[in-house]
Amino acid sequence: QVQLVESGGDLVQPGGSLSLSCAASGRIYSVDRMAWYRQAPGTQREWVATITSSDYTSYADSVKGRFTISRDNAKNTVYLRMNNLKPEDTAVYYCNALIRQSMRTGGDGYWGQGTQVTVSS
């Protein structure tokens, strides 16, 4: 089975930085694209950033230039480096990964449990 374990959520002041990590574990054939989403209370979950297995990255306009997504394929881990944080970045951040459990199955999406990021003075 597969699970995603997130870490790094914290309280940080505006303008500060924070790094999130999410590691996939279990019976894994391959980890394809990995991504970060976030959801503030009472809002829809929104996409933040994606990184492919070949390290191609894309970002939501709201975080472009401030956030950096990266991955360590040997560790099946995705990271999100967040710089110049703003109060509007406050949300629960979720990682998502497209994972194949065998060579005969397509990738299925998996979600982490979420980690709280609060940007406040």
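Side-chain atoms are counted along with the backbone in the values below, which use heavy atoms only and exclude waters and symmetry mates. Sequential numbering from 1 along the given sequence is applied to the chain's residues.
Residue pairs meeting the salt bridge (charged side-chain N to carboxylate O under 4.0 Å, His left out) criterion with at least one member in residues 67-78: none, sequence neighbours excluded. Applying the disulfide bond (SG atoms under 2.5 Å apart) test to residues at least two apart or on different chains, none of the pairs has a partner in residues 31-78. Applying the salt bridge (charged side-chain N to carboxylate O under 4.0 Å, His left out) test to pairs two or more places apart or on separate chains, none has a residue in residues 10-20. Applying the salt bridge (charged side-chain N to carboxylate O under 4.0 Å, His left out) test to residues at least two apart or on different chains, the pairs with a partner in residues 47-65 are D61-K64. Residue pairs that meet the salt bridge (charged side-chain N to carboxylate O under 4.0 Å, His left out) test with at least one member in residues 35-54, sequence neighbours left out, are R38-E46, R38-D89. The disulfide bond (SG atoms under 2.5 Å apart) pairs that include a residue from residues 56-111 are C22-C95, where partners are two or more places apart or lie in different chains.
Other members of the hydrophobic cluster containing I28, listed by chain and number, are V2, L4, V12, L18, L20, V31, M34, W36, V48, I51, Y59, V63, F67, I69, V78, L80, M82, L85, Y93, I99, Y110, V117, V119; membership follows side-chain contacts under 4.5 Å among ILVMFWY residues, whether direct or relayed. Connectivity analysis of hydrophobic side chains (ILVMFWY, heavy atoms under 4.5 Å, direct or indirect) links L98 to nothing; its cluster partners are none.
The backbone N or O of V5 lies less than 3.5 Å from no partner atom in the side chain of Q113, so there is not a single donor-acceptor pair.
Here the closest non-hydrogen pair linking A23 and T77 is CB-OG1, 3.4 Å. Summarising the geometry of E6 relative to T115, their closest heavy-atom pair is OE1-N, 4.2 Å, with the distance given to 0.1 Å. Across all non-hydrogen atoms, the minimal contact from A40 to A91 is N-CB, 3.9 Å.
The CG atom of N73 lies 7.0 Å from the OG atom of S53; values are rounded to the nearest 0.5 Å. Atom CH2 of W111 sits about 9.0 Å away from atom OH of Y94, to the nearest 0.5 Å. If you take CD on Q101 and CD on Q1, they are separated by 6.0 Å, rounding to the nearest 0.5 Å.
Every residue two or more places apart in sequence or in another chain that forms a side chain to side chain contact (heavy atoms under 4.5 Å, CB included) with T52 is listed here: S54, Y56. For T105, the side chain to side chain contact (heavy atoms under 4.5 Å, CB included) partners are S102, not counting sequence neighbours. Residues satisfying the side chain to side chain contact (heavy atoms under 4.5 Å, CB included) criterion with S120, sequence neighbours excluded, are L11, T118. With sequence neighbours excluded, the residues that form a side chain to side chain contact (heavy atoms under 4.5 Å, CB included) with S17 are R81, N83.
With a 6.0 Å radius and a threshold of 12 heavy atoms from other residues, nucleotides or ligands, E88 has its CD atom above the threshold.
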